[in-house]
Every structure is written in C-alpha cells, then in structure tokens.
Amino acid sequence: MRAVNRLQDKVALVTGAARGMGRSHCVRLAEEGADIIAVDLETAAEELDETARLVDDLGRRCVTSFADVRVGTSLDNAVEHGVSQLGGLDIIVANAGIYADLAPSWELSDVAWQRTIDINVTGTWLTVKAAAPYLGSGGSIVIISSTNGIKGGASTAHYSSSKHAVVGLARTLANELGPLGIRVNTVHPGSVATPMILNTAVFAKLRPDLPNPTQQDAAVALAERNLLPVPWVDPVDVSNAVLFLASDESRYVTGTQVVVDAGLTQKV
Ligand code: NDP
C-alpha cells in the first residue's frame, strides 16, 4: 500500500489534467488523500473523464471542468464550481502548457511566440489569479516550469522564455503570499515520457540525421543529455516532487525551484 495520506482531505486544483503529467499529478495527490478539481480543454473531454475515473477508483472525489487557461472567466467558473462541490481549496498545481512550433528564434512566427506565451505564462498567472483567493494559511502553489526555465535550448526561444517567466511569477507570488502562510514553488522537469515529447515532430527535431526517427531513435538522443542512464523520467517522478511541495513535509520551503531532470541541467 503506497498511500500514507500526506494530503488527507485536502483539495487540489490541477490544470492540464486530462493527460500526461496533469493526470499523473491528480492520481498521485489523490493516492495521498486529496480531492481533485481537474481542469482541461473541452477537446480533451474523454481523457479528462478517464482522469476522473482514476481518482474515483482511489476513493477520492474529482470535479472536472473545461477551461482554457488563457481565458480568466473560464478558470474563475471552473474554480468556483470545484470549490463549491468540494468545500475549499488547499493546493494549486499550474501544470497546463504547450511545447510546440520549435524553430530558431529568427524563424519563429509571431503567432507561435504569442500562443506559447499566452498559454504558458498568462495561463499560469490567470490560474493563480482565479484560485489563490481561496487558499488559506498552509496553502501551496506549485507551478510547472521546465529545465528550459533554468537554461536555454536550441529552437525554444518562446518555450524557454515562458518557462523562465513563470519562475519570476513564482518568486513574486512567494513574496506576496508568504505573510499569509501560503507557499509558492516551481518544479523543473527534464524530459518526461508524455505525449508532449513522445511524438513524431519532436523525434524529427531530436534526430535530424534520420528520415523517419522512431521513439527508440529519439531515446538515444535524449539519454545523451542526462547524467543518469535514462532517456526520460516518468510522470510520477515529477508528481512525487509536486506531492512534496503540496504537503506539509515542505512547510518551510517557498520561493524555490525543484529540479527533476536525471541530471540534465548539470551535465557538462
Ligand atoms: P501534455 O501535452 O501531455 O499535456 C498538457 C495538457 O495541458 C493537455 O491535456 C492539454 O490539453 C492541456 N492544455 C494545453 N493547452 C491548454 C490550455 N490553453 N488550457 C487548458 N489546458 C491546456 O504535456 P505534459 O504533461 O508533458 O506537460 C505538462 C507540463 O509540464 C507543461 O507545462 C509542460 O510545459 C511541462 N513540461 C513537460 C516536459 C516533458 O518532457 N513532457 C518537460 C518539462 C516541462 P490538450 O491535450 O487538449 O491540448
């Protein structure tokens, strides 16, 4: 039995909850006793239902809502609905994000730049804006950044800028909310086995030397970036860091960055 109920009867909001790491965060927090407000785009309705089923199977409640994190009113409605159903809010996991349209800075389209900034930066701010007023002392905000929020990378000007920006947001929020007993931290995953990177477009970027690179081909390139002999970490490895920051085990940890990257950022 894995659960030790570190989040017994807490309520956690998770954006981008339909799949990938968002789903993993919902399940991991529910395993520890939390009820979940799971938010994602309406286009991900079926996958969001599956997330809710997984939480339900753990004996916890999951209230799902559709919201585009770029639209403040849709987040306001989702949070209000979830809080009214579950009775409060203790944890915010601002997870929704995109990694798309990779290109050298000078070739990046204005549309690609703006879309990434809108979802990854403005969407994170709007998530906190909608939900933070419901938190009380002991509350925790976890913002999902990236190793691209610590170092740059080729063809990721928009993404790296967005993931650095949310660190500034988190540090500011930590100052603003610290006096209220609310903590704010960022998590910085390296490569994680989710649909975000396990797709043919990313494989092609990773292996330009091959005509039709497979996941196995991409794994070779990704493993070379890490200190540990793995191509990627699993979503649950990141969820375990989220769990730590969400729980009282980290009660005096705020304004900091937790890196889960198999050593990617330290490799020389
Ligand atoms: P996925 O693409 O697997 O999942 C992202 C989720 O966010 C999807 O369900 C997606 O919905 C949703 N989403 C996208 N845009 C919006 C929006 N405008 N409003 C609401 N929901 C939205 O990604 P991951 O799980 O891999 O990534 C989660 C977070 O982790 C992101 O912030 C990402 O940048 C970060 N990250 C990921 C890494 C990785 O290697 N996977 C590495 C470092 C950081 P839909 O499917 O309908 O588009």
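Both counts, for ligands and for their atoms, begin at 1 and track the order of listing.
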Kindly write out the residues that satisfy salt bridge (charged side-chain N to carboxylate O under 4.0 Å, His left out) with E224, not counting sequence neighbours, or none if the list is empty. none
Per atom 12 (C) of ligand 1, closest listed option by heavy atom (T116, L222, D40, D118):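 The residue whose heavy atom sits nearest atom 12 (C) of ligand 1 is D40.
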From atom 47 (O) of ligand 1, work out which of N199, V202, T43 has a heavy atom at the shortest distance.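 Nearest option to atom 47 (O) of ligand 1, by heavy atoms: T43.
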Looking at ligand 1, does [X] have a heavy atom less than 4.0 Å from it?
X    : result
G190 : yes
A193 : no
S24  : no
W232 : no
E47  : no

Can you sort out the partners of V121 under side chain to side chain contact (heavy atoms under 4.5 Å, CB included), two or more places apart, ordered by chain and number?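 So V121 forms a side chain to side chain contact (heavy atoms under 4.5 Å, CB included) with I117, S162, A165.
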Polar atom proximity, [X] to ligand 1 (N or O, under 3.5 Å):
X    : result
V192 : yes
V69  : yes
M21  : yes

Give the atom numbers and elements of ligand 1 that come within less than 4.0 Å of a heavy atom of [X].
X    : answer
I144 : 29 (C), 30 (O), 35 (C)
S191 : 40 (O)
A67  : 19 (N), 20 (C)

for atom 34 (O) of ligand 1, nearest protein heavy atom and its distance come out as Y159 OH, 2.7 Å
Could you check whether [X] pairs with [Y] (Lys NZ or Arg NE/NH1/NH2 to Asp/Glu carboxylate O, under 4.0 Å)?
X   : Y    : value
K10 : D35  : no
R70 : D118 : no
D57 : R53  : yes

